[in-house]
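Chain A is the first sequence line, chain B the second, and so forth, proteins listed ahead of strands; every chain is numbered from 1. Since the model is a prediction, treat every value here as computed from it, not as a measurement.
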Amino acid sequence: MNIADIFLNYYQYFLRGTRTTIVVSLVTVFLGSILGCFVALLRLSRFRPLSGFARLYITVIRGTPLLVQLYIVYYQLHFIHYPEGTFLGVELARIMPPILALSINSAAYVAEVIRAGIQAVDAGQTEAALSCGMTQGQAMRYIVMPQAIKNILPAIGNEFITMVKETSIIQYLGISDLMYNNGIVVTATYNPLPCYYISAMFYLALNVILGKGLNIFEMRLKRSER
Amino acid sequence: MNGNDVLFEIRDLKKNFGALEVLRGISTDIRKGEVVVVIGPSGSGKSTFIRCLNLLEEPTSGQIIFEGTDCTDKSVKTHRHREKVGMVFQQFNLFNNLSVLENVTISLEKVKKLPAAQAKEKAMALLRRVGLEDKADAYPSQLSGGQKQRIAIVRAMALDPDVMLFDEPTSALDPEMVGEVLKVIQDLAREGVTMVVVTHEMGFARKVGTRILFMDEGVIAEEGTPEEIFEAPKNERTRDFLSKVINVI
């Protein structure tokens, strides 16, 4: 079988896997960003125990392999009762543990991106805002954050793209994502190379679309803010 | 002059950065209508002193009594104090994400809670006074240093502060732009705006200042009228400093 035959015979496997990959990616990016904002706030807190906790969190997550984190979350949090039912055709109880692990992982990187973006805004901007009678919160909201967003966005886009690719490890928990289905087709055809090419194309397509979306968003921001 | 026109009573103000003693006991009064010019060698604590006055630096010890209340007291809302104390920075620090007009209106709207139309009207009137109303829709990155600093002055003046602080307002400017900024400050001084100016422009200090503070190593080494300081400095260090900054070449 050549690559075209494999694709025509087994495309529904790749599509089904891609659907799971998209769902897991979207939820992970969403949860990871929220959790990441939260960790960034802790990290920037002037209250030592909070910033210390955030620092520890980031160090541990960045210093251990994602695969190890995936298994630890899976076995450590087995007592959680995940909701029944399906989300876009994917079983919630099955995908929640890997989504949690990926989100916890992503949050550490997102937090660092946000922290760096905020700290890259010149301290003079905050001082000027404060000298105009703004509170710390107002200075953050009206002056610092709008400028920080422009530093954060390109780097966070990178993190999103990385996350889409890293979801491929959830196959180790038996989740029927793109790589898991890739394995099924490899076993069925005894012809691995074309399968991997097909999977690569699917991942590439997802990230090209994601990248385009992020670009459009960035351009809009630039136009409105100059 | 009676005691009521004192704006700032500064008592034994000290500020340390770690082990470094930057201010080692500053005491002076600043009265309404005064133009106090602070001069002195770099590292003498001039900027730290002026930054303490609006609490951008938290004093290590001592008192800053502003209009009768000690603003170093924890119960005093720092942002309320800063509303009454305008500040202009060496690096301008215009809000880069906002247009010129928004730079002026933002604190009118968010701090003074003025309706947008009223804030705009006030901002435009002030911009007209410094000849920059045509730049209202421009962004800071499109302006020259002199224009930025004039707008920074307008931004601070918009809040109708009781006193203006200038932290080396012309030090980051190209030489040909120094004049336009000093003129704006001089106009404000003429109108009776109380101000504290840290500067290396000795000509300006002499012409506009009503009182000169010469700072050295964290203390006020000498103070007096411009005539006293520039014509007949008593302190050895003042003489030494002035000989270095005046008649260069």
Side-chain angles (χ1 to χ4, degrees), chain A residues 33 37 40-41 44-48 50-52 113-157 214-226, chain B residues 47 50-51 53-58 77-100 102-113 137-142 148-149 151-161 163-167 172:
Chain A
S33 301
C37 289
L41 284 181
L44 290 168
S45 162
R46 264 175 296 180
F47 185 55
R48 282 286 181 89
L50 290 183
S51 64
V113 166
I114 293 174
R115 180 192 62 81
I118 289 174
Q119 287 183 342
V121 176
D122 182 42
Q125 296 285 310
T126 308
E127 288 188 352
L130 295 178
S131 79
C132 287
M134 288 190 209
T135 61
Q136 282 282 354
Q138 286 176 321
M140 198 62 167
R141 178 166 160 208
Y142 299 119
I143 307 301
V144 178
M145 270 323 269
Q147 297 183 50
I149 290 284
K150 275 182 273 183
N151 307 328
I152 292 170
L153 216 61
I156 216 163
L214 289 165
N215 267 344
I216 290 169
F217 194 57
E218 235 174 275
M219 296 297 279
R220 280 228 179 122
L221 214 67
K222 268 205 195 109
R223 214 177 313 150
S224 66
E225 302 266 358
R226 223 175 300 190
Chain B
S47 281
I50 204 174
R51 287 163 60 86
L53 295 183
N54 74 346
L55 302 174
L56 280 181
E57 302 293 351
E58 196 184 335
K77 287 229 165 31
T78 310
H79 60 103
R80 291 272 169 252
H81 171 65
R82 291 189 184 124
E83 269 180 53
K84 294 181 230 151
V85 182
M87 178 127 182
V88 173
F89 299 86
Q90 183 178 356
Q91 298 297 338
F92 330 126
N93 294 344
L94 289 187
F95 304 135
N96 295 324
N97 58 318
L98 302 177
S99 71
V100 166
E102 289 164 335
N103 259 275
V104 184
T105 56
I106 182 117
S107 48
L108 288 175
E109 287 177 34
K110 305 302 177 190
V111 176
K112 293 285 187 194
K113 311 287 182 198
D137 295 322
Y139 279 77
S141 58
Q142 301 163 312
K148 284 185 201 177
Q149 196 61 303
I151 287 155
I153 294 170
V154 164
R155 176 178 68 179
M157 284 303 295
L159 294 165
D160 298 320
V163 53
M164 285 282 288
L165 310 176
F166 293 88
D167 187 5

Exam field: side chain B/E83 to backbone B/P161, donor-acceptor pair closer than 3.5 Å: no
Proximal component of A/E127, with respect to chain B [non-hydrogen, under 4.5 Å]: both
Per-residue contact mode, B/V88 against chain A (heavy atom under 4.5 angstrom): neither
Portion of B/L94 that has a non-hydrogen atom of chain A nearer than 4.5 angstrom: backbone
Under 4.5 Å from a heavy atom of chain A, the part of B/F95 involved: both
Test item: A/L130 and B/N54 side chains (from C-beta on) under 4.5 Å apart, heavy atoms: no
Polar side chain donor-acceptor pair, B/S47 to B/D167, under 3.5 angstrom: yes
Any donor-acceptor N/O pair, B/R82 side chain to A/M134 backbone, under 3.5 Å: no
Region of B/R80 that comes under 4.5 Å of a non-hydrogen atom in chain A: neither
Side-chain donor or acceptor of A/Q138 paired with backbone N/O of A/T135 under 3.5 Å: yes
